[in-house]
Visitor: 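Quick one: structure below, then a few questions.
Each chain gets a letter, A, B and so on, in the order its sequence line appears, and its residues count up from 1.
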Number of protein chains: 2
Amino acid sequence: MNRDDLLLKQIQPLLDYFDQLIPLNIDEKLLVTELFKPRLYRKRQYVLQEGDICNQFNFIVRGCLRMYKVDDKGDIHIIQFAAENWWLSNIGSFHDRKPSDLNIDALEDTMVLQISHENLLSLYTKAPKFDRIFRVLIEKSFVSLQQRLLQNISSTAEERYLTFQQTYTELSTRLPQTQIASFLGITPEFLSRLRNKQVKRKS
Amino acid sequence: MNRDDLLLKQIQPLLDYFDQLIPLNIDEKLLVTELFKPRLYRKRQYVLQEGDICNQFNFIVRGCLRMYKVDDKGDIHIIQFAAENWWLSNIGSFHDRKPSDLNIDALEDTMVLQISHENLLSLYTKAPKFDRIFRVLIEKSFVSLQQRLLQNISSTAEERYLTFQQTYTELSTRLPQTQIASFLGITPEFLSRLRNKQVKRKS
DNA sequence: ATCTACATCAATACTATTTCTTGATATAGT
DNA sequence: ACTATATCAAGAAATAGTATTGATGTAGAT
């Protein structure tokens, strides 16, 4: 397999993703292949560190990232997980070119396809279809964020955990409970007790 | 503690380091505080990746970095370790602004203070004393590099290991043997046998 | 005032990952 | 042939990460 084939194989999941939203023509596919770069992050590695400007828009090919805020007490609050075929970046920092107050790091070894701010602008210019694609994609993220907020203001931890299990079935078994707890906004101990209750109820 | 105090506390080890070489006046200290940025790298995280231009000069506050070359076979050869109060960067790449053929990554969670190429030039211009400081500091690195080379062309693996133990007593217990082996240019297995021999000889 | 939904702390248990050791066998240079 | 070293594979040991449990505490709702 030569260099081009390898690159194509790495980019394929992203092309598939776009194609499913809105079919691409060959020129658009070529553009994507040019402008997105594959990159491997290893477990625990930072993708974005507080204080830096978020310069990449990330599409996850495999693995899992988390975006979180560290509060004054030093506690971590996970805003979002992103696994296969999800997008993640600090959109605020990315668009306004201002230092990020959030961190992104890898919960597993993670392969992403990333496009820089500059290249994304150039993509929009050269192929306006991507304006639409990225609008759709951000709307999707927006909706799931809204649901999460709603959940948070209206439900107990137990209900939130249940919803999490239903919405992200795979993640709920794949990720360490500590991470899920931090996502739900409870302590790992309490989550452990909730799960215990679940198990007992079933038997 | 407010933001400025925090920053000052983080920068202090570097100010102390400079002060010990050549005392700084208040303006110079202020410059250092402005131009060096603290940054945390996590274990295994890249500080510099082959192909990128080395844009930072790093002072290690705590933790440990390694700089290494990956050869055609994919084997790793460690050129330098750098722990507390040492400097590390790919000077060739840094000065000539050309892609690095070496990698730097973190063996432990590591806090560095780093100055960008641009800011270092500006530091030299604004406070020429730093020309002297950085000359001295590079001379020190140069000397230890020379000694290492001499060792390598003139000694057996066993002798090299002994010298390593004497020169970097702490590192020789702190770092995994795999890393030390790669630094000495032998296999971890062989290092294990050398150590075994040492232990037996003592008893 | 007490009940519910959570938190905190500490100890322990469990699991996975990393690191080290050992034996067997091979090779290149003196 | 001997010495210094490598390679490969298996297993042991050490460390780090994750989960569970008990005891105790607290704020807000009823």
Side-chain angles (χ1 to χ4, degrees), chain A residues 42-45 63-64 66 68 71-78 81 105-110 151-165 171-201 203, chain B residues 42-45 63-64 66 71-78 81 105-110 151-165 171-203:
Chain A
R42 290 196 279 200
K43 194 174 169 179
R44 281 186 207 83
Q45 188 171 349
C64 187
R66 98 239 236 227
Y68 61 94
D71 71 18
D72 305 336
K73 281 177 58 193
D75 292 344
I76 280 180
H77 305 276
I78 296 179
F81 294 122
D105 67 11
L107 294 175
E108 307 169 354
D109 289 354
T110 300
Q151 267 283 309
N152 255 277
I153 58 178
S154 66
S155 316
T156 66
E158 190 167 14
E159 291 165 335
R160 275 178 276 147
Y161 177 54
L162 252 141
T163 308
F164 181 80
Q165 282 183 304
L171 286 186
S172 84
T173 54
R174 172 173 166 188
L175 298 178
Q177 284 175 212
T178 338
Q179 302 304 327
I180 296 174
S182 161
F183 180 88
L184 296 174
I186 57 179
T187 58
E189 292 94 332
F190 191 59
L191 177 54
S192 172
R193 287 178 240 262
L194 289 180
R195 297 193 63 209
N196 229 318
K197 236 162 98 186
Q198 255 191 12
V199 171
K200 275 177 195 140
R201 201 171 296 151
S203 59
Chain B
R42 299 222 274 223
K43 195 173 168 179
R44 282 187 205 82
Q45 187 170 352
C64 187
R66 100 239 237 229
D71 70 18
D72 305 335
K73 279 178 58 194
D75 292 344
I76 280 180
H77 306 276
I78 297 179
F81 294 122
D105 68 10
L107 293 174
E108 306 169 354
D109 289 354
T110 300
Q151 267 283 309
N152 254 275
I153 57 178
S154 67
S155 315
T156 66
E158 189 166 16
E159 289 165 337
R160 276 178 276 149
Y161 178 53
L162 251 143
T163 308
F164 180 81
Q165 282 183 305
L171 286 187
S172 84
T173 55
R174 173 173 166 189
L175 297 179
Q177 286 175 210
T178 337
Q179 302 305 327
I180 297 174
S182 161
F183 180 87
L184 296 175
I186 57 180
T187 59
E189 291 94 333
F190 190 58
L191 177 55
S192 171
R193 288 177 238 262
L194 289 180
R195 296 194 64 209
N196 228 319
K197 235 162 100 184
Q198 253 191 13
V199 171
K200 277 179 192 140
R201 199 171 297 149
K202 274 186 189 156
S203 60

Visitor: Measure CG/B:D75 against P/D:dC8 and give the value in whole Å, please.
Guide: 10 Å
Visitor: Keeping B:T163 on the side-chain end and B:E159 on the backbone end, is there a donor-acceptor pair under 3.5 Å?
Guide: yes
Visitor: Whole angstroms only, please: what is the CD1-C1' distance between B:I186 and D:dT7?
Guide: 14 Å
Visitor: Write down the distance between CD (B:E108) and P (C:dT19), rounded to a whole number of angstrom.
Guide: 11 Å
Visitor: Give one of base, sugar-phosphate or nothing for B:R174, where a contact means two heavy atoms less than 4.0 Å apart.
Guide: nothing
Visitor: Going by heavy atoms in the side chains, are A:K197 and A:R193 under 4.5 Å from each other?
Guide: no
Visitor: Without decimals, in angstroms, what is the distance between B:L107 CG and C:dT18 P?
Guide: 14 Å
Visitor: Would you mind reporting whether B:L107 and B:F81 have side-chain heavy atoms less than 4.5 Å apart?
Guide: yes
Visitor: Classify every nucleotide of nucleotides 15-28 of chain D by which part a protein heavy atom approaches to under 4.0 Å, writing B for the base, S for the sugar-phosphate alone and - for neither, in 5'-to-3' order.
Guide: --SSSSBBB-----
Visitor: Separation of B:Q198 atom CD from C:dC20 atom P, in whole Å?
Guide: 15 Å
Visitor: Show your reasoning for whether salt bridge (charged side-chain N to carboxylate O under 4.0 Å, His left out) applies to A:K73 and A:D75.
Guide: CA-CA 5 Å; A:K73 281 177 58 193; A:D75 292 344; 3.6 Å; yes
Visitor: CG/A:D109 to CZ/A:R42 distance, rounded to the nearest 0.5 angstrom?
Guide: 7.5 Å
Visitor: Please report the interatomic distance CG(B:D105) to CZ(B:R66), rounded to the nearest 0.5 Å.
Guide: 4.5 Å
